Amino acid sequence: LLEGRWRDPMIGRDLLSGLACVAATHGSVALAYRLYLARGATQIDALHPHGLAPLRGVLPTLANVLHPAALLVPFGVMFVLVLMRALLRRPWPSTLAAAGLIAGFSLLLNGLHPAGLVLALMMIGVGARWGMLALVAVGFFTVNLVLVPAVADPALWWTRISWLGWGPVVALAVYGYRVATPRPGAVRARSD
């Protein structure tokens, strides 16, 4: 990506990997919350720190789409991964140490909140496996999931504004898919 090879399949792979990990993580957390509510709980403490941006209009929605946490958190996670790798010089011990540090930081920041802890550990796994671009994709997709919730009901007045927040996510997912998959005729079978 830094060399300007925008159509490299690894870029698409990293974008799609980040999206898949966020979808799996947030889907499992949503399922756990749904089961928790089905058991008779009256409320849950969800991770929506800035409320529903689309209710405030177009500019707050765009501000949340471009939220600084989408870059700062992935860079922080990657810094911890690289630091632990430099100190411990072995892949698995350094990844486990980074996971311990990030999980501890998540516990200090969010308290004993399972969703925050699962997201922090997922980010360590993504950063260790796929690298920085996948981590930035995770940050961007997570910010859009949390701060700009999508609404499918066209009767609500703020539905189109919420789609404004999801447009870039869908565009990156489509771009990642197009770049990661070979076009017909691009890969030719060898005939001996």
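Values below: all heavy atoms of this structure, side chains included; hydrogens, waters and symmetry mates excluded. Just so we're clear, the structure is a prediction, and the values are computed from it rather than from any experiment.
Note that CZ of Arg129 and OG of Ser17 are 7.5 Å apart. Values are rounded to the nearest 0.5 Å. Between the CE atom in Met132 and the CG atom in Leu71 there is a gap of 7.0 Å [rounded to 0.5 Å].
Listed here is the closest heavy atom pair of Arg13 and Ala180: N-CB, 3.9 Å. Nearest heavy-atom pair across Ala134 and Val126 is CB-CG1, 3.7 Å. Taking every heavy atom of both residues into account, Pro74 and Gly139 meet most closely at CG-CA, 4.0 Å. Summarising the geometry of His26 relative to Thr142, their closest heavy-atom pair is NE2-CG2, 3.6 Å, with the distance given to 0.1 Å. The two residues Leu81 and Ile124 make their nearest non-hydrogen contact at CD1-O, 4.0 Å. For His67 against Val143, the heavy-atom pair with the smallest separation is CB-CG1, 3.6 Å.
Taking hydrophobic clusters as Ile, Leu, Val, Met, Phe, Trp and Tyr residues chained together by side-chain heavy-atom distances below 4.5 Å, Phe79 does not share a cluster with Leu72. Using a 4.5 Å cut-off between side-chain heavy atoms of Ile, Leu, Val, Met, Phe, Trp and Tyr, with links allowed through other members, Trp6 and Val136 fall into the same hydrophobic cluster. One hydrophobic cluster holds both Met123 and Phe75 under the rule that ILVMFWY side chains link at heavy-atom gaps under 4.5 Å.
Listed by chain and number, the residues in a side-chain contact (heavy atoms from CB on, under 4.5 Å) with Val169 are Phe140, Phe141, Asn144, Trp166 (sequence neighbours excluded). Scanning for side-chain contact (heavy atoms from CB on, under 4.5 Å) contacts around Ile11 gives Leu1, Asp8, Leu15, Leu133, Tyr175, with sequence neighbours left out. Residues meeting the side-chain contact (heavy atoms from CB on, under 4.5 Å) test with Ala23, sequence neighbours left out: none. Not counting sequence neighbours, the partners of Val170 by the side-chain contact (heavy atoms from CB on, under 4.5 Å) test are Val174.
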Could you go through residues 82-104 and list every donor-acceptor pair under 3.5 Å that involves a side-chain atom there, pairing it with any protein atom two or more places apart or in another chain?
| from | atom 1 | to | atom 2 | distance (Å) |
| --- | --- | --- | --- | --- |
| Ser94 | OG | Arg90 | O | 2.6 |
| Ser94 | OG | Pro91 | O | 2.8 |
| Thr95 | OG1 | Pro91 | O | 2.8 |

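When atom types are taken as modelled, the side chain of Thr25 and the backbone of Val22 share no donor-acceptor pair closer than 3.5 angstrom.
Grouping Ile, Leu, Val, Met, Phe, Trp and Tyr by side-chain contacts under 4.5 Å, direct or through others, puts Tyr177 with Leu16.
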